[in-house]
Amino acid sequence: MANTSNKQVYFIATIAAFGGLLFGYDTGVISGALLLIKTQFVSNGAHQMAPELQEWIVSVVLIGAMVGALVSGKLADRFGRKLIIIATSIIFIFGSAISGLAPDVTVIIIGRIIIGLAIGIASFTVPLYIAEISPKKIRGALVSLNQLAITIGIFVSYLIDLGFAETHEGWRWMFVIGIVPALILGIGMFFLPDTPRWLFSKGKDDQAILALEKTTPPDEIQHEMASIKQVLLSESKTKSGLSELLKPWLRPALIIGVGLMFFQQFTGINTVIYYSPTIFQIAGFQGDFAPILATTLVGIVNILMTVVAIWLVDKWGRKPLTYLGLTGMVMALTVLGIAFNQAEALGSSLKWISVGSVIVYIAFFAISLGPIAWLIISEIYPLKIRGIAMSIATFSNWLFNFIVAKTFLTLTKVLTIPGTEITGSSGVPESNPAGAFWLFALIGLGGIIFTYYYMPETKGHTLEEIEEHWVQGKAPRMLK
Ligand code: BGC
């Protein structure tokens, strides 16, 4: 049964998760906005904007996110989690206003870079904040609320895009609407405490105890306080910078963080999130409506299966869900590859098999690597360098995301088997994406091996117990 502090902690985590909503909304909104922007800003009689410029409008957000993640880790350790999240909400508001009111493409790009910065910062400070306020028994569920918010944000952005698709200069609304969740985040966070862990680490004990009272069941407060203080005492020799992360005792934690982000991105999630209408068109769906409808279905499954993850992550644990998820993703990717490879023989059934496999794929991603990669990086780093360590893992997430997004269409050309080109609904022969899906499947198999050797089971442990595990120099998988 949820007691009062549990109810409060759910409320606090939900407010913070508006940062996740903005992450999802502002990465998702561009697909629809671009359709309008590319026909509005055209030069020299061309009927639409040059593809390279379109690509830039999409990808500058990812570059902004890399920079945002990288520069803000130290700030979160120094100035606190709460202040940085509030600052992020202000950056979101500015970025949305600038891109929504932009007189030309250059200003749109500047606005999108600013939004990217905010996304990069929010993507790790929110899980960090939530992990540090959570009681251990429900930490997995609470941190995963952030992933749920990401998936809802992506979905809402599709709906807003559809809603304004026919409006004159509708792209302005698509961007500007992002101000609403940013205001809720900023104003909401203003009234919430910083995390007890960060407050204790700065010697603000009175405020820390107040924060603990709001978030922790009464019978656990004394014990939590004692163990946080104990860890801080043993951390007195720990340096607060990046150099500490490279020391042998923390090397496994660094590998786990960057490794999980590698597998989260290189198993192809964002080829589905960013390109599924294209994939469905290649598979034979006609027009724009059917592929977009199928994409909406993918978005709904992503949300629903994240709810299942929230329900299971503290019961089954992180590792079983990751094994299950990766196995399902590998199977779906393999089938997707086979189906595209046999496109000619399958004829019109290809489109149904492709939608089915993409849905199975996203379902398994959503119960595993989606929430769990962000969860684990919020759990495995020592208090003193948690901000900076998470920012490194997060930077790698955005870098890998950028690489996959930039190379996917080229990859389908390079890895294609000659003679298997398919003529989708566009009527033009396209490179067959089978090879790219098989490559992602292979990487997924690597992910299963990585999980076995490298992933600790953090379920049911306090953050302080996890830290103690590294202090004792034990292998990651010995934490059970
Ligand atoms: C990933 C994003 C992805 C999203 C999809 C997140 O966990 O980091 O790259 O777009 O999940 O739901």
Side-chain angles (χ1 to χ4, degrees), residues 17 19-31 58-59 61-66 68-69 115-116 119-128 130 140 143-158 257-276 279 295-310 313 318 321-322 325-326 329 358-378 390-391 393-406 408 440 443-444 447:
L21 193 92
L22 283 153
F23 168 165
Y25 183 82
D26 280 316
T27 46
V29 76
I30 193 63
S31 58
V58 177
S59 56
V61 159
L62 302 180
I63 298 176
M66 277 182 238
I115 289 181
I119 296 178
I121 306 173
S123 57
F124 78 94
T125 46
V126 171
L128 165 60
I130 302 180
V143 176
S144 303
L145 282 180
N146 183 56
Q147 175 71 15
L148 181 63
I150 296 174
T151 59
I152 294 175
I154 296 176
F155 186 67
V156 170
S157 78
Y158 292 160
V258 176
L260 277 175
M261 292 313 183
F262 174 85
F263 291 109
Q264 193 203 51
Q265 294 300 320
F266 272 88
T267 41
I269 179 60
N270 286 313
T271 60
V272 168
I273 299 286
Y274 303 159
Y275 295 107
S276 46
I279 297 174
T295 305
T296 312
L297 200 64
V298 171
I300 294 177
V301 172
N302 196 10
I303 296 176
L304 293 180
M305 291 308 281
T306 308
V307 174
V308 176
I310 290 177
V313 71
R318 290 49 164 159
L321 279 180
T322 308
L326 275 165
M329 285 163 71
V358 166
I359 285 178
V360 171
Y361 167 86
I362 198 97
F364 280 104
F365 173 84
I367 55 159
S368 60
L369 283 178
I372 288 173
W374 294 109
L375 171 60
I376 293 279
I377 68 159
S378 75
M390 283 184 75
S391 90
T394 303
F395 165 77
S396 67
N397 179 287
W398 290 107
L399 176 69
F400 299 146
N401 185 335
F402 179 75
I403 297 174
V404 176
K406 272 274 186 224
F408 177 61
F440 294 148
I443 294 177

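Atoms within each ligand, like the ligands themselves, are counted from 1 in listed order. All residue numbers refer to positions in the sequence shown, counting from 1.
Taking the six-membered ring for Trp and thresholds of 30 and 60 degrees, F408 and Y275 have ring planes inclined between 30 and 60 degrees apart.
Checked by distance only, ligand 1 and Q264 come closer than 3.5 Å through their nitrogen or oxygen atoms.
Distance from atom 3 (C) of ligand 1 to its nearest protein heavy atom, with residue and atom name: N270 OD1, 3.5 Å. Counting only heavy atoms of the protein, atom 6 (C) of ligand 1 lies nearest to Q147 OE1, 3.5 Å.
When the heavy-atom distances from atom 5 (C) of ligand 1 to N146, I154, T151 are ranked, the shortest goes to I154.
In this structure, a donor-acceptor pair under 3.5 Å is present between the side chains of W398 and S123.
When side chains are defined from C-beta on, V272 counts as touching I362, because their heavy atoms get closer than 4.5 Å. Put simply, the side chain of F365 does not reach to within 4.5 Å of the side chain of M305, judged on heavy atoms.
Per-residue contacts place N401 under 4.0 angstrom from the following atoms of ligand 1 (heavy atoms of the residue considered): 9 (O). Near W374, meaning under 4.0 Å from one of its heavy atoms, ligand 1 places the atoms 6 (C), 7 (O), 8 (O).
When non-hydrogen atoms are compared, ligand 1 lies under 4.0 Å from the side chain of N302 (C-beta onward) but not from its backbone.
Between Q265 and F400, the closest heavy-atom pair is CB-CB, 3.6 Å.
Proximity of M261 to ligand 1 is not established, as no heavy-atom distance is less than 4.0 Å.
No close placement of the F440 and F266 rings is indicated, their centers lying 6.0 Å or farther apart.
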